[in-house]
Amino acid sequence: MSEGPRIKKLGKIILLSAVLCSFLAGCKKKTESEEDGSQIILGFSQIGAESEWRIRNTESILEAAAQNGIQIIYENARQKQENQLQAIHSFIISQVDVIAFVPIVETGWDNVLQEAKDAGIPVIVVDRMIKTADKSLYAGLIGEDSFSEGKKAAEFLVKKYKTSKPDEPLNILEISGTENSSPAYERARGFRSVIQKEPKFRIIHSESGDFLRSKGHEIGNKIISFNSGLSIGQNPIDIIFSHNDAMTWGVLDALRENNIHATTVTIVTIDGERKSIEALTYGAINCVVECNPNTGPKLCELVKLLHEGKPIPPVTYVDGEVFTEFDSFTKFAGKGF
Ligand code: AHR
């Protein structure tokens, strides 16, 4: 799906969320805070709608805010850091109680965070990590452990190929996420921390697909060779490690369009969309490392603590499972988003 329809889809989701919020608000009695005007106001800057994961993440936060009686000012940055900086700046001007934001990249946040600190507004970093010299510029992070996700992806490969001979190399194509983003960096690092101990695995090519299905599709088309094998130059590809489901489905689109069976290559993906977990049952995907997008309820707990002037943990991770071709398929029932 291109960015246009995806944004339209998010527009619908936001509209639906707004309807859901007013529905939930209509169903429950007004809270004391809503009555006396002391309701918490949360400014939330989201990256955009680059994947199904991101869309679910936004929904989770909007739903949880509505359920917790937190008023949310939601801004969609449409994949641009400058839009996020502007949004956070406007939250400060509006004197919101708490700011939460998903940093599209790791660096470049210090000035705006200093402004928030000077204004006495606590900030929660959501989903992705940032690099800053002064950790006191934000209250805490809630998100996934991307390093561990990369490790889990590699551990599956070690298990799958445990009987393969050390002198028969296994060629890996890595499709990584947005450059300079923490999940791309940490997933790559976690993956390498495991496979570097197993010389038979060789990453023959690593390329960013920006977490987008369209870019995964482009990369998929590039690796299809004249004899319908998958290769980078002269090197056949045995394994694809994709940093998210959207890019994986882009590759699968390219394979399907060229009548190539996905079972000819081992595919390891991260996120845990329902259709990816289902694809384990028919062999199109071999391992799904879950990255849980449902951060909303926990984020709201943290927002409330900060509003009460209480500290929050520096890091709160949401747990994720691993689903593989070795599992009994009954494990997959009801999993995914
Ligand atoms: O930051 C989390 C990553 O961003 C998810 O894996 C991906 O799907 C999203 O776009």
Please name the pair of heavy atoms, one in Ala246 and one in Ser51, separated by the smallest distance, quoted to 0.1 Å.
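Taking Ala246 first and Ser51 second, the nearest heavy atoms are CB-CB, 4.1 Å.
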
- Item | Hphob cluster co-occupancy, Ile224 + Met247, side-chain heavy atoms under 4.5 angstrom |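 Both belong to a single hydrophobic cluster.
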
With the threshold set at 4.0 Å, does a side-chain nitrogen-carboxylate oxygen contact exist between [X] and [Y]?
X	Y	value
Glu144	Arg187	yes
Glu149	Lys152	no
Lys215	Glu218	no
Asp245	Lys275	no
Lys335	Glu290	no

Trp53 ring center within less than 6.0 Å of Phe211 ring center: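 Distance test on ring centres: not under 6.0 Å, no.
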
*N/O donor-acceptor pair under 3.5 Å between Gln84 side chain and Ile104 backbone*: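 Yes, the answer is positive, given that a donor and an acceptor are paired below the 3.5 Å cut-off.
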
Can you confirm whether [X] is buried at [atom1], in the sense that more than 12 heavy atoms of other residues, nucleotides or ligands lie under 6.0 Å from that atom?
X	atom1	result
Lys117	NZ	yes
Glu308	CD	yes
Gln95	CD	no
Lys80	NZ	no

Is there a side-chain contact between [X] and [Y], using heavy atoms and a 4.5 Å cut-off?
X	Y	value
Trp109	Thr132	no
Leu157	Phe241	no
Val268	Asn286	no

What class does the angle between the rings of Phe156 and Phe326 fall in, given that below 30° is parallel, 30 to 60° is tilted and above 60° is perpendicular?
->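 If you compare the ring of Phe156 with that of Phe326, the planes turn out tilted.
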
- Item | Inter-residue atom distance Ile72.CD1 - Leu299.CG, 0.5 Å rounding |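 Reported to 0.5 Å precision, the distance equals 7.5 Å.
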
- Task: Assess whether salt bridge (charged side-chain N to carboxylate O under 4.0 Å, His left out) is satisfied between Glu63 and Arg56, documenting all intermediate values.
- Result: CA-CA 10 Å; Glu63 285 165 8; Arg56 178 60 214 140; 3.3 Å; yes

Problem set entry | Side-chain donor-acceptor contact under 3.5 Å, Ser148 with Tyr317 |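 Absent: no donor and acceptor within the cut-off.
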
